[in-house]
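Proteins come first, then strands; the chains are lettered A, B, ... in the order of their sequence lines, and each starts at number 1.
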Amino acid sequence: MSRWVRVATQCGLLLAWAMPVVAALTVWQFLFDTEYGVVNWLLTELGGDFRGHSWLQEPLSFFAVATMVVVWMSVPFVAFTLYAGLTQVPDDVLEAAEIDGASARQRFAHVVLPTIRPVLLVVLLLQVIWDLRVFTQIYALQKAGGITRDTNLLGTYIYTLGIKGGDFGTAAAAAMFMLALTVVLTAPYVRMMLKTEED
Amino acid sequence: MPRRTSRPVRVAADVVGLLVLLVCLLPFYWMVTRSFLPRNQIRSPEPTWLPLDGTFANYDRVFSGGTFGDALMTSLSVTLLTVAVALLFAFLAALAVSRFRFRGRKSFVLTLLVIQMIPAEGLFISQYKMLEGMSLLNSVLGLTLVYVAAVLPFTVWTLRGFVDGVPRELEEAAMMDGCSRMQAFFRVTLPLLAPGLVATGVFGFIQAWNEFTLALVVMTDPAKETLPVWLISFSESRSRGVDWGAIMASSTLITIPVIVFFLLVQRRMVAGLTAGAVKG
């Protein structure tokens, strides 16, 4: 990658990351707005008829938009941490592997991947934990026109039960379920880590 | 890794990079341009792509309240203090976990991991009570304390991976040459961790800078609120509808310090420092 593209991409990622959450969610709502949304306008200009199309009505497209927002908000963190990890890959080892006849794919699998493995794993783990309890993005989109009942995720479901419905017992039970799910999903990683700690 | 790559590969990488940039930037661009638009143009059937006839009226309204500067100062001091303290402790802790074998090391590492799974919302009340007991409510120090606690597990954990990547032989060589162990850590290992320190530093900075809920709980005095809290109360204080233009303007202003911080530390994120340091 050319140097200026690299710095520009880094800055772009950083800007996306640094944007206050309130502003980010507001802008995404603007972009996908039913009446005045830029996405609708753009698609209509391109030939489709998307005037007045609601992206948040259908659960499927609601989740597509939500996924996009969540991914947009988490890519910078992952990219930055992994990039920092990649700078740790020793050049001379890569060169040695190249001289010994390793192909690009082999170099990646046997030199780069093992070096960034600890960083890669922790990022993976954190993303699983964070995305499992994603709340703000879903909540904001629901308020912007989603149908709450059809689009609840664990986080917003617990909120609806407890804070809105006053049924704290059930909400706490659901939260326990979420915790158990987190433990189950992260167990393989934790096991693997404990094994490497042995030596 | 500045490696020789063939031209087509580099062009392809450039194109992918620019695409990522575009998707990342669109919402940001939208925020900045909206901040220059008068109210009736922020949402209109025909979107305005370039605010050529823009106005600074939104920015005027942000500053006219007079409280933006206070919030900025609070946010800056809390954030910078958090980053500095967290990085120092994380560096030492990462060294301990990575370089020494001691009793309780495994449980310490496991604790770091488990802490991340506890929902932050579950801790608010105890954190509030704790700070109240130490009379640190509404103080920069108190908020810094809880922020450091919040970012430390991740910082230690990530830095540990980076310390593992620095060859132990370098420290040993330094100690042979007459460094004490501490000197070896600070003069040899610390500079080599620069990329990791930048990554975790930026993480800590943005975490502390954009944190909302804890700041709301701990800083009950309106004169002590941080920028995210200020932004919410500002957006809710308007009696006639929400002032989107001013929200976009203040959000743009809030983003600037992060960029400045990143540009200051970004050069340290260079690679290949260890390359060739250890002769086989």
Side-chain angles (χ1 to χ4, degrees), chain A residues 1-2 5-24 26-28 30-31 33 35-36 38 41-42 72 75-77 79-81 83-92 94 115-119 122 125-126 129 133 175 179 182-183 186 190 193-194 197, chain B residues 1 3 10 13-14 17-18 20-21 23-28 30-31 34 43-47 106 109-110 113 116-117 119 154 157-158 160-162 164-165 195-196 198-199 202-203 206 209-210 212 227-228 231-232 235 244 247-248 251 254-255 258-259 262 266 269-272 274-276:
Chain A
M1 216 185 261
S2 322
V5 179
R6 189 168 64 223
V7 175
T9 312
Q10 278 183 19
C11 282
L13 285 168
L14 188 84
L15 288 173
W17 193 10
M19 235 169 117
V21 181
V22 188
T26 311
V27 171
W28 279 104
F30 282 177
L31 291 180
D33 195 84
E35 275 175 84
Y36 302 130
V38 183
W41 177 83
L42 210 64
W72 178 82
V75 160
F77 163 71
F80 264 101
T81 317
Y83 177 68
L86 281 176
T87 60
Q88 290 255 309
V89 179
D91 266 348
D92 43 359
L94 278 176
T115 319
I116 62 166
R117 216 178 83 120
V119 179
V122 73
L125 178 82
L126 284 179
I129 296 176
R133 61 159 92 107
L179 188 66
T182 315
V183 171
T186 52
V190 174
M193 187 212 77
L194 284 179
E197 292 300 318
Chain B
M1 284 173 296
R3 295 176 52 78
R10 209 177 61 224
D14 280 356
L18 287 175
V20 171
L21 181 69
V23 176
C24 280
L25 274 188
L26 179 66
F28 179 77
W30 213 246
M31 169 180 86
R34 283 332 80 169
R43 299 174 78 195
S44 56
E46 192 81 351
K106 210 162 125 180
V109 172
L110 196 65
L113 207 65
Q116 320 246 23
M117 299 185 195
F154 169 79
W157 189 264
T158 312
R160 188 183 90 115
F162 282 96
D164 284 343
V198 170
V202 170
F203 169 82
I206 294 181
W209 189 252
N210 280 346
F212 169 72
L227 283 173
L231 182 64
I232 298 289
S235 68
W244 292 120
I247 293 177
M248 293 296 136
S251 301
I254 292 175
T255 315
V258 185
I259 315 298
F262 176 72
Q266 174 261 345
M269 214 161 167
V270 281
T274 41

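Side-chain atoms of Val27(A) and Arg34(B), non-hydrogen and from C-beta on, never get closer than 4.5 Å to each other. Side-chain contact between Val258(B) and Asn210(B): absent, with no pair of heavy atoms (C-beta onward) separated by less than 4.5 Å. Side-chain contact between Thr255(B) and Pro20(A) is present, with at least one heavy-atom pair separated by less than 4.5 Å.
Of the two parts of Leu31(A), only the side chain, counted from C-beta on, holds a non-hydrogen atom closer than 4.5 Å to a non-hydrogen atom of chain B. Neither the backbone nor the side chain of Ile116(A) comes within less than 4.5 Å of any heavy atom in chain B. Proximity to chain A (any heavy atom under 4.5 Å) is restricted, for Leu26(B), to the side chain, taken from C-beta onward. Of the atoms belonging to Leu13(A), heavy atoms from both backbone and side chain fall under 4.5 Å from chain B. Only the side chain of Met248(B) comes within contact range of chain A, judged by heavy atoms closer than 4.5 Å. The parts of Trp17(A) that come within reach of chain B are both its backbone and its side chain, each placing non-hydrogen atoms under 4.5 angstrom from that chain. Residue contact with chain B, scored on non-hydrogen atoms closer than 4.5 Å, is absent for Ala24(A). For Ile259(B), the parts lying near chain A are the backbone and the side chain together; criterion is any non-hydrogen pair under 4.5 Å.
Between the CG atom in Leu25(B) and the CE atom in Met19(A) there is a gap of 10.5 Å [rounded to 0.5 Å].
With respect to chain B, the highest number of heavy-atom pairs below 4.5 Å among Gly12(A), Ala18(A), Ala16(A) belongs to Ala18(A). Between chain B and the residues Leu179(A), Val183(A), Leu126(A), the largest count of heavy-atom pairs under 4.5 Å involves Leu126(A). Counting heavy-atom pairs under 4.5 Å between each of Ser251(B), Pro27(B), Pro228(B), Gly161(B) and chain A puts Pro27(B) at the top.
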Take Phe80(A) and Phe262(B), measure what side chain to side chain contact (heavy atoms under 4.5 Å, CB included) needs, and give me the verdict at the end.
-> CA-CA 12 Å; Phe80(A) 264 101; Phe262(B) 176 72; 3.4 Å; yes

Do Val75(A) and Val23(B) pass the side chain to side chain contact (heavy atoms under 4.5 Å, CB included) test, and can you show the C-alpha distance, the side-chain angles, and the key distance before you say yes or no?
-> CA-CA 11 Å; Val75(A) 160; Val23(B) 176; over 6 Å; no

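Scored by the ring-ring contact (aromatic ring centres under 6.0 Å, His included) test, Phe203(B) finds Phe77(A), Phe154(B) as partners (sequence neighbours excluded).
Here the side chain of Trp209(B) pairs a donor or acceptor atom with the backbone of Ile254(B) at under 3.5 angstrom.
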